[in-house]
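Since the structure comes first, as structure tokens, the remarks are kept for the end.
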Protein chains: 2
Amino acid sequence: MRSANRDVPVVVVKRLPRYYRYLGELLKKGVTRISSGELGKKMGVTASQIRQDFNCFGGFGQQGYGYDIENLHREIGSILGLTNGYKTIIVGAGHLGHALANHSNFAKRGFELVGIFDKDPALSGQVIQGLPVQMMETLEDFCMKNRVDIAILALPKLAIEMVVPRLVKIGIKGLLNFSYTDIEVPADVAVENVHLSDSLMTLSYKITQNTKNGD
Amino acid sequence: MRSANRDVPVVVVKRLPRYYRYLGELLKKGVTRISSGELGKKMGVTASQIRQDFNCFGGFGQQGYGYDIENLHREIGSILGLTNGYKTIIVGAGHLGHALANHSNFAKRGFELVGIFDKDPALSGQVIQGLPVQMMETLEDFCMKNRVDIAILALPKLAIEMVVPRLVKIGIKGLLNFSYTDIEVPADVAVENVHLSDSLMTLSYKITQNTKNGD
DNA sequence: TCTTTTTTTTTACTTTTTGTCAATAAAATC
DNA sequence: GATTTTATTGACAAAAAGTAAAAAAAAAGA
């Protein structure tokens with residue numbers, strides 16, 4: 001089993017979390033093996049694509065047998081870096097930050113929430129998920145001391161512009177950006193954007209198309 | 001200017017919201033025209049792609065001049081269906097639902113929030129964004145009377161399975177799904193998923209790659 | 001051992017992106 | 001006011017990327 005996985009296309013990477021989820025569910029149900037055909041039917045994609053995707057990082061399957069779910073699940077998790085136990089903070093303790101802190105799947109997937117920050121003194125010390133909300137002044141100190149890897153940015157556009165450079169400066173590795181702006185960082189900082197309005201607009205487009213064709 | 005826009009590739013549609021956002025920002029700054037080259041540099045994509053994309057729904061540009069931003073912005077908005085004024089409800093008034101209700105961009109983009117629902121009696125009547133949280137019993141009645149188009153689903157996986165069929169039954173047109181499961185609906189109901197954990201996992205992958213190559 | 005299943009690998013096809021260039025509009029020059 | 005120059009699109013072509021199908025190979029199970 002090759003562990004090399006250089007040059008995996010972005011589209012494939014984007015599909016990995018979904019595979020991971022489905023495999024996890026099967027595992028929970030006690031299923032131990034599955035063929036690409038079966039999995040494809042379940043997920044609504046072609047068996048060919050599944051096989052092609054899995055082959056990007058070495059053959060996990062066995063002819064005549066299929067894929068060992070536990071093994072495959074673990075491998076994909078490892079490829080995604082879930083085994084690295086990235087330490088995570090949330091910046092912005094508003095409703096969104098709060099919701100994300102409570103999002104149990106994050107911890108389940110190996111992301112350890114170690115701190116929550118906000119600039120509003122009224123929130124100072126309030127406990128969310130066992131963690132006290134800290135003031136922005138302590139951001140750098142805390143991140144350095146606790147070797148924080150990821151910052152989840154749940155704050156408005158304006159605040160973002162102040163915070164991002166500070167996080168970049170102390171060597172943050174990744175940013176999950178929920179604000180409605182594209183942030184600029186050096187190439188060695190990974191960024192993933194979640195633009196909620198964009199999703200709503202895409203939905204709007206789909207509805208508009210449906211309405212056109214349907215009625 | 002052709003208004004027909006059949007068969008616009010999905011990849012292009014996914015890019016439209018971002019164009020819309022950038023054009024909106026330029027408009028706000030008072031810029032009235034822009035060339036594909038300039039816009040491309042700003043957005044980090046090739047000028048060629050921009051022209052190709054815009055041409056999917058008819059030529060909006062003018063040789064030697066560029067694109068009229070106001071016109072282009074309005075056209076993209078119309079293609080996305082933002083002018084249809086879709087009526088929207090949020091199901092689930094937890095922190096996530098709350099955050100989404102406060103998300104000002106939704107209203108700005110023409111989505112009118114008309115109702116918020118939750119099953120927790122403790123939240124009944126609590127006012128969010130001027131709207132009282134309603135109990136789940138009134139869901140069908142309310143949606144029919146108010147001709148609700150879109151439901152934003154901010155509830156856990158288990159609750160989803162109960163709610164979706166009810167919404168489908170009363171003819172909901174679109175669902176924005178935040179729960180960590182893929183929902184199944186008839187073809188005439190549009191669905192857009194926002195799987196937060198997936199984004200975090202993709203980020204994790206990127207970090208892992210950076211770490212490998214960088215160090 | 002032989003058939004069946006199912007992956008891997010290869011090949012073909014489709015979609016998407018990028019690059020080029022003629023056509024055209026605007027601006028500048030004469 | 002006519003002519004030249006510059007800017008920039010739209011359309012097409014080429015390249016790249018991604019997806020699906022087909023062929024070949026390996027293992028499982030009878």
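Taking a cutoff of 4.0 Å between a charged side-chain nitrogen and a carboxylate oxygen, Lys42(B) and Glu25(B) do not qualify as a salt bridge.
Remark: C1' of dT3(C) and OH of Tyr65(A) are 20 Å apart, rounded to the nearest angstrom. In this structure, Asn55(A) atom CG and dT10(C) atom P are separated by 11 Å, rounded to whole Å. The CD1-P distance, from Ile50(B) to dT18(C), rounds to 11 Å in whole Å. Here the C1' atom of nucleotide dT6(C) and the NZ atom of Lys41(A) are 15 Å apart, to the nearest Å. One interatomic measurement links the two molecules: CZ of Arg33(A) to P of dA27(D), which rounds to 15 Å at whole-angstrom precision. The CD-P distance, from Gln62(B) to dA25(C), rounds to 7 Å in whole Å. Remark: P of dT18(C) and CZ of Arg51(B) are 12 Å apart, rounded to the nearest angstrom. Whole-Å rounding puts the Asp53(B) CG to dT16(C) C1' distance at 10 Å.
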Item to check | Full working for side-chain contact (heavy atoms from CB on, under 4.5 Å) between Asp68(B) and Leu72(B) | outcome: CA-CA 6 Å; Asp68(B) 179 84; Leu72(B) 185 56; over 6 Å; no
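With His73(B) as the fixed residue, the ring pair (Phe, Tyr, Trp, His ring centres under 6.0 Å) test singles out one of Tyr22(B), Tyr20(B), Tyr67(B): Tyr20(B). The side-chain contact (heavy atoms from CB on, under 4.5 Å) test with Leu167(B) singles out one residue from Val189(B), Ile150(B), Leu153(B), and that residue is Leu153(B).
For the pair Gln49(A) and dA20(D), the criterion of a side-chain N or O lying under 4.0 Å from OP1 or OP2 is met. Using a 4.0 Å cut-off, no side-chain N or O of Ser48(B) falls inside it from OP1 or OP2 of dG19(C).
Toward the 5' end of DNA chain C, the nearer of the two residues Phe54(A) and Gln52(B), judged by each one's closest nucleotide, is Phe54(A). Residue whose closest nucleotide on DNA chain D sits further toward the 5' end, between Thr46(A) and Gln63(A): Thr46(A).
The residue Tyr67(A) sits close only to the backbone: its heavy atoms come under 4.0 Å of sugar-phosphate atoms, none of a base.
In this structure, of dA26(C), dT17(C), dT16(C), it is dT16(C) that holds the atom nearest to the side chain of Pro9(B).
The aromatic rings of Tyr19(A) and Phe54(A) stand perpendicular to each other, their planes meeting at an angle above 60°, with 30° marking the opposite boundary.
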